[in-house]
**Student:** 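My structure is below; once you've seen it, I'll send some questions.
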Amino acid sequence: MKFGHFDDHKREYVITNPKTPYPWINYLGCEDFFSIITNTAGGYSFYKDARLRRITRYRYNNVPVDDGGKYFYINENGKVWSPGWKPVKTELDRYECRHGMGYTQITGEVDQLEAEVLYMVPLGYHGEVQRVKLTNHSDRKRSFSLFSFVEWCLWDALEDNTNFQRNFSTGQVEIVDSTIYHKTEYRERRDHYAFYTVNEKVSGLDTDREAFVGLYNGFDAPDAVMECQSRNSHAHGWSPVASHHLQIELLPGEQKELVFVLGYVEVPVADKFVQNQVINKAPAEEMIAKFQSSADVDRAFKELTAFWDDLLSVYQLEHPEQELNRAVNVWNQYQCMVTFNFSRSASLFESGIGRGMGFRDSNQDLIGFVHQVPERARERIIDIASTQFEDGSAYHQYQPLTKKGNDAVGSNFNDDPLWLILGCDEYIKETGDWTILDEMVPFDNDESNKASLFEHLKRSFYHVVHNLGPHKLPLIGRADWNDCLNLNCFSETPGEAFQTTENKEGGVAESVFIAGMFVLYGDAFVKLCEKLDLKEEALEAAGHIHAMKKVVDEHGWDGSWFIRAYDHFGEKVGSDEREEGKIFIESQGMCIMAGIGLEDGRARTALDSVKERLDCEYGIVLNNPAFTKYHVQYGEISTYPEGYKENAGIFCHNNPWIMIAEVLDGNGDAAWEYFRKICPPYLEEISDLHKTEPYVYSQMIAGKDAFKPGEAKNSWLTGTASWNFYVISQYILGIRTDFDGLLINPVIPKAWDGYTVTRKFRGATYRIEVSNPDHVSAGVKDLVLNGEKLDDMLVPICADGSVNQVKVVLG
Ligand code: GLC
Ligand code: GLC
């Protein structure tokens, strides 16, 4: 069952039934100021950091699930409704929510009165603009009241949720005309405030929640709205809010447009006040002046659309299947921007207070984003590397506001360092910018202790070499990519965090996954060295990789698949010898991506085992058989009920590794089948089962052992976005970035006739037409650039600004 449809022309998902199986969200903003918005106008805003600089309040795990947001209420002669259906939930004659690229437009209509609200964060603007269009479609004059509503958060979202003994006494506001200023804690150490305004005189205001809502009401029936009378309240402590009341009259056919702005301002400390207790409003006034009219909103909207036109034009596919075009050209790339911006910090499943930016996550997010805004990817790489320690190890996470490593989450996730090589390698391949390797980058943010980024990569590489276990496989540390495979943890205490709790002294558990990773990204390091003409460096590193391959051959192969790890006692994890968790997906993907077993048939055998034991209708599960009891020596993975999360859920993030493995084995049909199974637009028809947004990937789909296979959770913030874009754009469609050009090597289903990709790369445009007359999966028979046949599969870099025709014939 569907709850809407794609509008491909406008790049929107149009929700036509407000009762989606879960709130379906969008993200506004792509630089500093962000909002999350649901299809019924729930959600919240923050500046840079969802924990430390939360602007409006949101209650996670609320009842009902999505209450609190940027609400508008209409009261016409006692009939009260909201354009987004919620919070009032009056039945609407028409409802539509259009989630687009950086904006959301929600429209409701009751008795021929239409209210359309456009929510957007304009480029370069530290605020959310809301344009309300009210249209009288009837043939009688209408008079009604419009109320706006937002609830302020007292900045630190964690404190805001917990420290009520203080919070209830600190809230402060100022009011000037139609503008409500939220200035809690500004009198002391904060140099920032927020404001909410409308471009018209109001007939009333509220800034105190209890006065506006009433102590015993919900957002669905605030006193002020129900009685059509603002209280003109002034908040002193408790919960400051902002609500405007406008009285409106519309003649038949008449339309009225209002512009609301929710803004955030920072003021230099010396200029904070104009007099005691009176805040300096000049920067806010400047912001407000930019959005005085609907025409200002139109202009900003056009700029935003042009911005996305430009971003998305870097990789555009023309394919007979519209679902695939949607994924590749619009939604997958859009999600990559979102994961780049937020890592795993703020969604409807990530509360914005738990996690900052992940070291491994952000490096992987880069690979689906680097073609969009390479300069930002560059900055991100430097930020991440700046949190690395001298010995190559890394903080697992850092806070986006401070850019400093997060002590509370610690380090010793021994895969972390290697992901930095992946991030850098993909950046250089996209941009050709080798200077990044010369950047001087601090260790642990200590400006007095710096080394080149190249040196950081080297430390990443050697961190593995210096941390080998009894089999000479890499020590796993707290965990590798699988945060829940905690082999040194042995936790017996309820509530202890598996990722941060003290590990067993001298933990010797080893990871075959990291071994595969070392071969793969270690090899990328070697190639960088070779390119830089560091022959000895390259040779030495290659020696370590060679040794690691031998260790994997000796200790990493179980007979029909790759072993996953060795536990603390030296027992195999992910082996036929075990009763539960005989086979895991990650080591199959990573080892084969590294090329291990491709030549001797072990890769094929492992992939057949994946098909037989891990594949199911909705994707590839992480392990099998699922754990049915707690294995203290495995940790969190065995805490999840069967079929969920890391315990045999379809953890979508690692499915693309198997797709790449199939591609490397030349099997386009299998790669495509796996791709299609989890690709959101192909799941639109089962939205009721799938539950999460049909336009983005979710972290996890319940696996075959689950109570409800096919049900997804944790949408949006997942490495699945970047890996799937990477796999489809570079491996299946086969347009790969390389140091000296574009490598063309499609591996596709035999049934495909062909497709065209337009790729902008290093200043030139390539229109690449792939045809498959013999219906093969792989093999480039002919590659022609601007009429000239090329000898190998590399399309060289063409002149800046040039438009080039590339013809690819498979066969
Ligand atoms: C989550 C984490 C990611 C980890 C994965 C598997 O998505 O953000 O870092 O690799 O889970 O445990
Ligand atoms: C939990 C989740 C895992 C995530 C981790 C982050 O263990 O299951 O997916 O990576 O938390 O700390």
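Counting starts at 1 for both ligands and their atoms, in listed order.
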**Student:** Are there more than 12 heavy atoms of other residues, nucleotides or ligands under 6.0 Å from atom NZ of Lys704?
**Tutor:** yes
**Student:** Going by the atom numbers of ligand 1, which of them fall below 4.0 Å from some non-hydrogen atom of Phe651?
**Tutor:** 5 (C), 6 (C), 7 (O), 11 (O)
**Student:** Once you restrict to heavy atoms under 4.0 Å, what part of Glu646 touches ligand 1? Side chain, backbone, both or neither.
**Tutor:** side chain
**Student:** Does the residue Asp361 have a heavy-atom contact with ligand 1, meaning some pair of atoms that are separated by less than 4.0 Å?
**Tutor:** yes
**Student:** Considering Met700, Gln699, Lys645 one by one, which has a heavy atom nearer to atom 1 (C) of ligand 1 than any of the others?
**Tutor:** Gln699
**Student:** Enumerate the salt bridge (charged side-chain N to carboxylate O under 4.0 Å, His left out) contacts for residues 331-350, please, sequence neighbours excluded, ordered by first and then second residue.
**Tutor:** Arg344-Asp361, Arg344-Asp365, Glu350-Arg355
**Student:** Quick check for you: to the nearest 0.5 Å, what is the distance between Ile367 atom CD1 and Phe369 atom CZ?
**Tutor:** 13.5 Å
**Student:** If I take atom CZ from residue Arg53 and atom CG from residue Asp32, how far apart are they, to the nearest 0.5 angstrom?
**Tutor:** 12.0 Å
**Student:** Less than 4.0 angstrom from a charged side-chain N to a carboxylate O is my criterion; do Asp415 and Arg360 meet it?
**Tutor:** yes
**Student:** Could you list which atoms of ligand 1 come closer than 4.0 Å to a heavy atom of Arg344?
**Tutor:** 8 (O)
**Student:** Report, in ascending order of atom number, the atoms of ligand 1 lying under 4.0 Å from any heavy atom of Arg360.
**Tutor:** 3 (C), 4 (C), 9 (O), 10 (O)
